[in-house]
A.B. asks: 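Take this structure, written in structure tokens, and hold onto it; I'll ask about it next.
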Amino acid sequence: MTCDICGKKKATVHLTEIVDEQMSEMHLCEECARQKSSQMEQQFGLADLLAGLSDTSKPANSKESDKNVLKCSRCGLVYEDFRKFGRLGCGECYLSFKEHLTGLLRKIHGSNKYLGKTPSRHLENQALAPAEGAPALLSSDDLSDLKRQLQSAIAAEDFEKAAILRDKIRNLE
Amino acid sequence: MLGNIAGLYMRIEELLNHTGEWLRGTGPSAHIVMSSRVRLARNLEAWTFPGKSGKKDLEAVLKAFGEAVNRISALKGSTLFQMTEIDQVDRQLLVERHLMSHEHASNPEGKGLLVTAEEVVSIMVNEEDHLRIQVMRSGLNLSEAWNIINTIDDALSRELNFAFMPSWGYLTACPTNTGTAMRGSVMMHLPALVMTKQINKVLAAISKLSFASRGFYGEGTQASGNFYQISNQVSLGHSELDIIQNINGLIRQVIEQEEQARQALLLQNKPMLEDKVCRSFGLLKTARIISSQEAIELFSMVRLGLDMGILQHVDHKALNELFIMIQPAHLQKIEGKKLNAFERDTKRAAVIRQKLGRSTNID
Ligand SMILES: [Zn+2]
Ligand SMILES: [Zn+2]
């Protein structure tokens with residue numbers, strides 16, 4: 001049996017795809033299967049869900065849209081690119097695209113409520129934080145952590161990030 | 001030299017002297033479940049995700065991780081491999097041992113891999129997420145794998161600041177992992193469900209319950225040898241322990257179905273089943289040239305024969321180890337040189353004959 005995709009090599013991987021309870025079989029060589037699998041990882045469900053998310057806030061083809069391009073303030077990822085490739089660029093993307101992600105996460109997981117564990121550091125930060133005043137969403141707001149991050153940014157000669165961190169620290173101090 | 005950061009520096013060649021603990025072929029339901037794996041994805045708050053990071057950032061993450069590992073006693077004696085410092089065959093070897101992904105091997109820049117002694121824990125650094133922590137156990141043992149990974153995650157989270165939101169949990173590059181960022185997978189051997197043509201029904205039911213099934217070699221594929229890897233798909237709306245319980249519940253049902261199918265095969269046509277098993281064993285012990293595909297199919301039959309008491313005196317562990325050893329990079333490392341496809345088929349047959357000959361004292 002030869003590979004269904006390249007038609008050259010011997011098919012050694014037999015793939016069953018189940019879409020809407022319809023089963024289809026594919027016979028692939030190892031190389032094509034590997035490509036197909038990374039494609040599927042990306043596409044499986046996610047692409048469909050992403051395609052269903054139209055950006056209603058943005059008027060098409062107008063000059064206005066350039067200014068209003070939805071973009072992550074930290075890593076610069078444009079929302080359109082997230083829709084295309086399905087990958088977020090940093091933790092801050094979750095805040096930048098919060099409105100869109102709320103629905104998407106619910107579609108993917110059937111829920112958007114987190115019920116898992118909390119990292120040790122975060123627990124410590126919560127214990128240290130004053131009871132009133134909503135705690136920040138990300139655990140980065142611990143001053144000593146920010147300072148540590150600043151040091152590693154300087155060590156890595158990432159001065160752009162260092163500048164951002166320095167400003168954050170100033171704001172807290 | 002990053003290899004020294006984690007303490008003892010292990011050479012890749014040393015991996016060949018033994019195989020992962022998860023291949024020992026024992027543990028709960030080991031007659032049907034080969035291994036259990038739990039994986040957690042974690043990102044460091046201070047850096048953008050690997051896909052959005054340049055070389056400098058990736059290296060800084062690797063360095064910060066290495067330093068954190070040094071302070072964690074549970075990771076003493078592990079080795080941190082820097083991907084750019086090992087060659088392609090060695091990277092392939094790590095993939096073949098299920099310690100890391102194909103993606104991790106194909107683009108080595110800024111990437112690392114931590115492996116503990118016995119290969120129970122491995123941590124990919126700078127794959128899709130900064131950290132992909134994995135624990136493998138033999139048999140149906142997700143709870144034990146979870147306990148181990150939970151301890152390591154706790155230790156890491158005291159040293160490193162993970163990207164986390166109370167409302168959405170751990171933040172990952174792909175929204176399909178957001179939340180617990182946990183995937184529990186179980187590698188099942190389901191030959192009787194395949195032979196009785198019930199496997200598609202079972203797989204369809206699994207996908208309906210939002211669990212995914214994959215093959216032994218390569219993600220997203222249903223490889224040969226009647227091996228199926230079943231894992232959870234959702235990571236929000238359930239706690240880690242809930243997810244593990246759900247997988248366990250599903251796996252127990254599949255085990256029951258496979259057991260029934262095995263009994264049905266015995267009742268319907270015992271001589272044919274015995275013939276199939278024994279011929280497979282005979283072929284493995286005598287073949288001079290064998291492809292990996294053929295070998296895996298024969299292994300599956302021998303394994304079934306062992307689990308059903310048709311064959312005795314074959315070591316489960318030896319059989320499990322062969323699954324790993326017959327892959328291209330392993331064969332080339334054992335031989336100590338590059339082998340073309342034909343040479344590999346010859347070497348593979350020799351390795352199988354030697355291993356099965358040693359572990360059997362009949363015929
Ligand atoms: Zn092909
Ligand atoms: Zn971002």
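All figures in this text were calculated on a predicted structure; none of them were measured in a lab. Every chain is numbered from 1 and lettered A, B, ... according to where its sequence line falls, protein lines coming before strand lines.
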A.B. asks: Considering only NZ, NE, NH1 and NH2 on the basic side and carboxylate oxygens on the acidic side, decide whether R42(B) and E159(B) come within less than 4.0 Å.
C.D. replies: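 Not counted as a salt bridge, because no side-chain N and carboxylate O are separated by less than 4.0 Å.
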A.B. asks: In plain terms, say whether E80(A) and R83(A) are close enough for a salt bridge, that is, a side-chain N and a carboxylate O under 4.0 Å apart.
C.D. replies: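 Yes, E80(A) and R83(A) are salt-bridged.
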A.B. asks: With only heavy atoms counted, which part of E128(B) is less than 4.5 Å from chain A, the side chain, the backbone, both or neither?
C.D. replies: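 For E128(B), side-chain heavy atoms alone lie under 4.5 Å from chain A.
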A.B. asks: Could I get the full list of side chain to side chain contact (heavy atoms under 4.5 Å, CB included) partners for S73(A), not counting sequence neighbours?
C.D. replies: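 Side chain to side chain contact (heavy atoms under 4.5 Å, CB included) list for S73(A), sorted by chain: E92(A), S96(A).
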A.B. asks: If every non-hydrogen atom of K117(A) is compared with every non-hydrogen atom of D153(B), which pair is closest and at what distance?
C.D. replies: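 Heavy atoms only, the tightest pair is NZ-OD2, 2.6 Å.
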A.B. asks: With a 6.0 Å cut-off on the ring centroids, do Y114(A) and F164(B) count as close?
C.D. replies: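 Yes, the ring centres sit under 6.0 Å apart.
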A.B. asks: Please look at A64(B) and chain A and tell me whether the side chain, the backbone, both or neither of the residue comes under 4.5 angstrom of a heavy atom of that chain.
C.D. replies: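 The answer is neither part of A64(B).
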A.B. asks: Let me know if L241(B) has heavy atoms under 4.5 Å from chain A in its side chain, its backbone, both or neither.
C.D. replies: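 No part of it gets close to chain A.
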A.B. asks: Check whether D242(B) gets within reach of chain A through its side chain, its backbone, both or neither, counting any heavy atom under 4.5 Å.
C.D. replies: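 Neither part.
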A.B. asks: May I ask you to decide if I326(B)'s main-chain N or O and R348(B)'s side chain share a donor-acceptor pair within less than 3.5 Å?
C.D. replies: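 It does hold such a pair.
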A.B. asks: Using a cut-off of under 4.5 Å on heavy-atom pairs, state which of M182(B), H238(B), R158(B) scores highest against chain A.
C.D. replies: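 Heavy-atom pairs under 4.5 Å are most numerous for R158(B).
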A.B. asks: Using a 4.5 angstrom heavy-atom cutoff, name the option from G237(B), S53(B), S291(B), A155(B) with the most pairs to chain A.
C.D. replies: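 Answer, by heavy-atom pair count under 4.5 Å with chain A: G237(B).
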A.B. asks: Drop me the distance from L193(B)'s CG to M188(B)'s CE, to the nearest 0.5 angstrom.
C.D. replies: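 One finds 8.5 Å between CG of L193(B) and CE of M188(B).
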A.B. asks: Counting only heavy atoms closer than 4.5 Å, note whether D154(B) contacts chain A via side chain, backbone, both or neither.
C.D. replies: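 It is both, since atoms from each part get that close.
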A.B. asks: Which one of N43(B), T180(B), T172(B) has the most heavy-atom pairs closer than 4.5 Å to chain A?
C.D. replies: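 The option with the most such pairs is T172(B).
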A.B. asks: For the interface with chain B, which of G116(A), C90(A), S111(A) has the highest count of heavy-atom pairs at distances below 4.5 Å?
C.D. replies: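 Top option by heavy-atom pairs under 4.5 Å: C90(A).
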